[in-house]
Asker: 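Got a structure here, written out as structure tokens. Questions coming.
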2 protein chains.
Amino acid sequence: MNKPTAAGELFTELVLEVFRVNGLALEAGDQLSEPVGLSSARWQVLGVVDHEPAPVANVARIMGLTRQSVQQTADALERDGFVEYLPNPHHRRAKLIALTPRGREALRKVEARHAAWANALGTEVDLKNLRAAVSGLRQVRERLEAHASASAHDARTGGPHDG
Amino acid sequence: MNKPTAAGELFTELVLEVFRVNGLALEAGDQLSEPVGLSSARWQVLGVVDHEPAPVANVARIMGLTRQSVQQTADALERDGFVEYLPNPHHRRAKLIALTPRGREALRKVEARHAAWANALGTEVDLKNLRAAVSGLRQVRERLEAHASASAHDARTGGPHDG
DNA sequence: GCCCAATTGACAGTAACCTGTCATGATGGC
DNA sequence: GCCATCATGACAGGTTACTGTCAATTGGGC
């Protein structure tokens with residue numbers, strides 16, 4: 001029959017809450033980065049190559065996105081002068097994404113604005129609740145990841161259906 | 001100076017965890033709805049008009065999206081025969097999105113699959129942790145919403161900056 | 001050294017969101 | 001009733017993600 005149980009409904013409620021917070025956080029990220037000419041996506045790429053220059057595919061793996069998405073963002077960042085492609089001594093084709101002075105300055109400004117934002121929000125939420133939310137979410141993520149890889153395995157092997 | 005505090009870092013960590021869970025939940029939603037020819041976005045629209053037929057702008061408000069996004073999804077759903085546009089007795093231009101028999105059947109199947117999924121996941125996470133995560137997230141969302149509307153107000157009035 | 005598989009960047013196309021703009025339709029002040 | 005205003009659908013265009021495909025490059029097996 002597959003009627004929702006109490007735990008199932010609570011789980012669904014958590015997911016809906018995650019959707020809302022996700023949207024609000026993205027919006028906040030865009031507002032934090034907009035004044036320096038960035039966006040959430042661009043900011044994240046700059047953050048990855050801040051530590052050390054890296055090729056597109058490398059950045060994509062770190063961010064959990066496809067090469068193609070990161071390529072598009074990186075090309076846009078190059079057009080706007082935030083990054084430049086440096087020759088890669090280890091790979092002729094896979095050029096390195098590197099921050100320009102302008103990119104580094106923009107990143108520093110966004111990080112300062114982000115810190116101020118997170119600090120302000122952090123003080124407005126009870127620390128105990130914050131910790132509980134983080135550890136609860138972590139547990140949920142682990143279960144979701146397990147389910148996702150199980151589904152992927154089923155898809156490969158023709159495993160369990162629920163048709 | 002704007003250096004991250006402990007609470008600020010914890011808050012940032014929560015947001016990153018939310019991003020990951022959001023991605024996994026969307027992926028799961030697509031997998032739940034894909035077998036009947038739907039996607040997360042389409043499923044959500046069907047869910048709204050299941051209760052009663054409604055015009056595009058109405059659905060958009062309920063979902064927290066723009067009219068234009070919902071219009072695109074609804075047009076696609078109509079092309080694929082999941083919904084039809086009914087004349088609206090109260091408004092000549094704003095036709096009503098209504099489920100077709102095919103749409104209703106697809107929605108029922110997705111809902112059954114969703115319930116099975118949520119029930120299974122719900123039993124795998126400690127109930128106490130689940131509740132803590134939901135209430136913690138709710139509190140965070142409220143603070144984010146307050147900040148967001150404050151920023152919007154600042155933008156309108158030329159209020160506080162932090163440059 | 002040579003070939004095959006994997007990796008990489010490039011390019012085309014799609015999905016789902018967004019903003020901006022416009023004409024049509026509804027609504028309330030007068 | 002008339003007109004300004006607002007709501008609505010439609011259309012154009014942009015962002016950020018995706019999949020699929022291709023040639024160039026790299027690197028391992030032989």
Side-chain angles (χ1 to χ4, degrees), chain A residues 19-20 22-31 33-34 37-46 48 53-80 82-83 85-97 152 155, chain B residues 19-20 22-31 33-34 37-46 48 53-80 82-83 85-97 152 155:
Chain A
F19 284 165
R20 297 190 195 104
N22 181 75
L24 287 163
L26 274 184
E27 187 184 328
D30 283 339
Q31 283 180 12
S33 51
E34 186 268 340
L38 295 176
S39 65
S40 289
R42 292 175 173 210
W43 167 21
Q44 205 178 347
V45 170
L46 291 194
V48 171
V56 165
N58 220 340
V59 173
R61 271 190 297 272
I62 292 172
M63 292 174 64
L65 302 178
T66 58
R67 304 190 314 276
Q68 292 86 336
S69 298
V70 175
Q71 185 82 55
Q72 199 171 357
T73 304
D75 288 349
L77 283 169
E78 191 204 18
R79 275 201 312 275
D80 293 351
F82 292 109
V83 305
Y85 288 114
L86 300 184
N88 184 348
H90 302 305
H91 197 301
R92 195 187 314 181
R93 196 185 166 104
K95 294 163 290 181
L96 296 172
I97 306 173
Chain B
F19 284 165
R20 298 189 193 105
N22 181 75
L24 287 163
L26 275 183
E27 187 185 327
D30 284 338
Q31 283 180 11
S33 51
E34 185 267 342
L38 294 176
S39 65
S40 290
R42 291 175 173 211
W43 166 22
Q44 205 178 346
V45 170
L46 291 193
V48 171
V56 164
N58 221 338
V59 174
R61 270 189 296 271
I62 292 173
M63 292 174 63
L65 301 178
T66 58
R67 304 190 315 276
Q68 293 87 336
S69 297
V70 175
Q71 185 82 54
Q72 198 170 357
T73 303
D75 288 349
L77 283 169
E78 191 205 19
R79 276 201 312 274
D80 293 350
F82 293 109
V83 305
Y85 288 115
L86 300 183
N88 184 348
H90 301 306
H91 197 302
R92 194 188 314 182
R93 194 185 169 105
K95 294 164 291 182
L96 297 172
I97 306 173

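In the text below, chain A, chain B and the rest are named by the order of the sequence lines, each starting its count at 1. Side-chain atoms are counted along with the backbone in the values below, which use heavy atoms only and exclude waters and symmetry mates.
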Asker: Compare side-chain N and O positions of B/Lys95 against OP1 and OP2 of D/dA10 and report whether any pair is under 4.0 Å apart.
Answerer: yes
Asker: I'd like a table of atom pairs between the protein and nucleotides 18-22 of chain D - only N or O on both sides, under 3.5 Å - with the distance next to each one.
Answerer:
unit_1: D/dC18; atom_1: OP2; unit_2: A/Thr66; atom_2: N; d: 3.0
unit_1: D/dC18; atom_1: OP2; unit_2: A/Thr66; atom_2: OG1; d: 2.7
unit_1: D/dC18; atom_1: OP2; unit_2: A/Ser69; atom_2: OG; d: 2.7
unit_1: D/dG20; atom_1: O6; unit_2: A/Gln68; atom_2: NE2; d: 2.8

Asker: Which residues pass the side-chain contact (heavy atoms from CB on, under 4.5 Å) test with A/Ala57, sequence neighbours left out?
Answerer: A/Arg61, A/Arg67
Asker: Rounded to whole angstroms, how far apart are NE2 on B/His91 and C1' on D/dG9?
Answerer: 9 Å
Asker: Show your reasoning for whether side-chain hydrogen bond (donor to acceptor under 3.5 Å, both in side chains) applies to B/Asp30 and B/Ser39.
Answerer: CA-CA 5 Å; B/Asp30 284 338; B/Ser39 65; 4.9 Å; no
Asker: To the nearest 0.5 Å, tell me how far A/Asp80 CG sits from A/Leu38 CG.
Answerer: 9.0 Å
Asker: Take atom CG of B/Asn22 and atom P of D/dT16, then tell me their distance rounded to the nearest Å.
Answerer: 17 Å
Asker: What is the distance from CG of B/Leu96 to C1' of D/dT8, rounded to the nearest Å?
Answerer: 13 Å
Asker: Which residue in the set A/Val45, A/Val70, A/Thr73, A/Asp75 passes side-chain contact (heavy atoms from CB on, under 4.5 Å) when paired with A/Val56?
Answerer: A/Val70
Asker: Give me the first and last nucleotide of DNA chain C, going 5' to 3', that has any atom under 4.0 Å from a heavy atom of chain A.
Answerer: C/dT8 to C/dC11
Asker: How many Å lie between NE2 on A/His90 and C1' on D/dT26, as a whole number?
Answerer: 13 Å
Asker: Is there a side-chain contact between A/Leu96 and A/Asn58, using heavy atoms and a 4.5 Å cut-off?
Answerer: no
Asker: Would you compute the distance between atom OH of A/Tyr85 and atom CD1 of A/Ile97 and round it to the nearest 0.5 angstrom?
Answerer: 5.0 Å
Asker: Looking across every strand, which nucleic acid part, if any, lies under 4.0 Å from B/Ser40 by heavy atom: base, sugar-phosphate, or nothing?
Answerer: nothing
Asker: Between B/Asn88 (CG) and D/dA7 (P), how many Å, whole number?
Answerer: 16 Å
